[in-house]
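Shown next, in structure tokens, is the structure this report addresses.
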Amino acid sequence: MLRIEEHPILTFEKGKLVTFTFDGKELQGYEGDTIASALHAAGVKVMGHHHVSGRPRGFYCAIGNCGSCLMIVNGEPNVRVCVVPLEAGMVVETQNNRGDLL
Amino acid sequence: MYLKTGVADKELVSNALPTEERRGSGPYAIIECFQEIPCNPCTEICPFGSILPMDDINDLPRMDYDSCTGCGLCAAICPGLAIFIVDESYSDTVASVSIPYEFVPLPQKGDIVEMMDRAGEYVTDGKVLRVVPNKKYQNTPVVTVEVPKDKVNEVRFLQPKQKTEIAMPKADPDDTENLPDTTIICRCENITVGEVRKMIDQGYDDFDELKRLIRTGMGPCQGRTCRHLIMQEISRRTGKKFDEIELGAFRPPTKPIQLEQLIGGKEDV
């Protein structure tokens, strides 16, 4: 578990435990998480692969700037999962290309 | 040097100290705040008006040491953890220093802790006199430690007694110079420092030119991660000053947005 349980200054209130799927696997996270933080807490370190070199992409800026965590969420490609709140039943998939339009 | 390392030197610190006479006559706050930033909780919290009102919120705090009682509220409220309470009148041989400490676990009264200087180097051991949790003021606990009198204005941080020596990597803020050629400088487009160096050496010494040639800064981050690193590299290899190097063009939208947001159907996250 990568969650901070004890912090000298801040307190973290967790929302309801919800279930979502990541590449077909069922995972759990808390309401109030972003998709990326829920994945990270569940041990998912690789958010995708570079569209040319295939190098793995990690959780990097965490504020929606870097584009390192683009994923397919509920069928929509290029979603910055580090700034999108987690919802129950979300279908999250890794994206290894530039993302296809519908 | 201070701006580069963040470590205040002797001169800066001695300027912040009160007179010898005041130092011997009871606890006082020492404010080691040396960079003008818009910040004033210390002047607002001081119940004795000892931290003088600022004309401008960017001003450095100034002290009236005659009215300061060393109560410690400023040490707990300072977001930069830059205020310490020193009591040199504590005894003939030892003095006490109160240090804001934002780590877990908190030390306990009576613990022997290692005291470090402003650069994080070990100076001496100290004994914890008290720990004030400060739930009222943004939760920053303040730990008061007894140290040898001559060291009291040298030590500014504490850590639990280390059972084994921990080798701390020395951070050098300028060390981007020694990046190996294989380091990725532009994450989105997967471009290495080596590729950028090769282009600069061929005369492409402008951010926009590099962009057109090797796509640095053209991925989803739009240069937010790599722009300054590449400009530093241009500066180093051409000898041009960093501020003479063009930032390159920014074209909207500067971050990934949905088409739906453009037509006004959805708010940005």
Side-chain angles (χ1 to χ4, degrees), chain A residues 3-13 32-37 45-87 90 94-102, chain B residues 76-81 99-107 131-143 158 182-192 195 214-215 217-229 250 253-261 266-269:
Chain A
R3 290 181 190 277
I4 298 168
E5 301 292 347
E6 190 189 12
H7 190 281
I9 310 300
L10 306 173
T11 47
F12 300 98
E13 275 165 33
D33 275 339
T34 60
I35 300 172
S37 62
K45 301 285 181 60
V46 177
M47 301 271 152
H49 292 84
H50 190 257
H51 56 274
V52 178
S53 71
R55 284 179 76 245
R57 321 254 79 189
F59 192 16
Y60 186 56
C61 80
I63 52 168
N65 263 355
C66 76
S68 185
C69 66
L70 300 180
M71 284 188 171
I72 305 165
V73 177
N74 295 338
E76 182 187 327
N78 291 331
V79 174
R80 291 167 294 156
V81 295
C82 68
V83 289
V84 175
L86 181 71
E87 285 165 23
M90 267 181 165
T94 41
Q95 176 185 330
N96 298 323
N97 54 22
R98 287 188 186 278
D100 298 317
L101 285 175
L102 300 175
Chain B
I77 201 85
C78 173
L81 312 185
I99 296 173
Y101 186 81
E102 294 185 336
F103 289 89
V104 284
L106 271 177
V131 179
V132 182
N134 279 318
K135 284 290 167 215
K136 198 170 159 194
Y137 299 110
Q138 301 185 355
N139 290 349
T140 301
V142 176
V143 179
L158 60 117
T182 48
T183 303
I184 306 278
I185 196 165
C186 165
R187 291 170 52 93
C188 303
E189 296 296 331
N190 217 47
I191 316 283
T192 63
E195 288 171 77
I214 53 174
R215 292 193 56 85
M218 288 183 78
C221 96
Q222 288 289 293
R224 266 186 295 266
T225 317
C226 62
R227 188 181 305 266
H228 284 81
L229 294 172
F250 290 83
T254 55
K255 66 171 185 178
I257 60 168
Q258 290 165 299
L259 286 170
E260 202 178 350
Q261 288 163 15
K266 199 177 174 186
E267 290 287 313
D268 188 12
V269 284

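Proteins come first, then strands; the chains are lettered A, B, ... in the order of their sequence lines, and each starts at number 1. What's counted below: heavy atoms across the whole structure, side chains too, no hydrogens, waters or symmetry copies.
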Under 4.5 Å, counting heavy-atom pairs only, tell me which of [options] racks up the most with chain A.
{"options": "B/P141, B/C188, B/P133", "answer": "B/C188"}
{"options": "B/P105, B/C221, B/G223", "answer": "B/C221"}
{"options": "B/E102, B/K135, B/Q222", "answer": "B/E102"}

(request) Applying salt bridge (Lys or Arg N to Asp or Glu O under 4.0 Å), name anything that partners B/R215, two or more places apart in sequence or on another chain. (result)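 Applying salt bridge (Lys or Arg N to Asp or Glu O under 4.0 Å) to B/R215 gives B/E189.
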(message) For A/F12, I'd like to know if atom CZ has over 12 heavy atoms of other residues, nucleotides or ligands within 6.0 Å.
(response)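 Atom CZ in A/F12 is crowded, with more than 12 foreign heavy atoms closer than 6.0 Å.
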(request) Kindly check if the number of other-residue, nucleotide or ligand heavy atoms within 6.0 Å of CG (B/L259) is above 12? (result)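 No - once you tally the heavy atoms of other residues, nucleotides and ligands closer than 6.0 Å, there are 12 at most.
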(message) Are the side chains of B/P220 and A/L70 in contact, using a 4.5 Å heavy-atom criterion?
(response)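 Yes, side chains in contact.
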(message) So B/N190 and A/R57, do their side chains get closer than 4.5 Å, heavy atoms only?
(response)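 Heavy-atom side-chain distance check passes, below 4.5 Å.
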(request) Counting only heavy atoms closer than 4.5 Å, note whether B/I184 contacts chain A via side chain, backbone, both or neither. (result)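 Side chain of B/I184 only, per the 4.5 Å heavy-atom cut-off to chain A.
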(request) Would you mind checking which part of B/T140 comes under 4.5 Å of any heavy atom in chain A, side chain (CB onward), backbone (N, CA, C, O), both or neither? (result)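 Contact with chain A is through both the backbone and side chain of B/T140.
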(message) Restricting to non-hydrogen atoms, name the atom on B/R187 and the atom on A/S68 that form the minimum distance, rounded to 0.1 Å.
(response)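 That closest heavy-atom pairing would be NH2-OG, 3.0 Å.
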(request) Considering non-hydrogen atoms only, spot the tightest contact between B/N139 and A/I9 and give its length. (result)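 Nearest pair, atom of B/N139 first, then A/I9: ND2-O, 2.6 Å.
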(message) Under a 4.5 Å cutoff for heavy-atom pairs, which residue among A/H51, A/H7, A/R98 has the most contacts with chain B?
(response)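 It is A/R98.
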(message) Please rank A/C66, A/G67, A/G64 by heavy-atom pairs under 4.5 Å with chain B and give me the top one.
(response)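 It is A/C66.
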(message) Please enumerate all residues that pass ring pair (Phe, Tyr, Trp, His ring centres under 6.0 Å) together with A/F59, with sequence neighbours excluded.
(response)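 Listed in chain order: A/H40.
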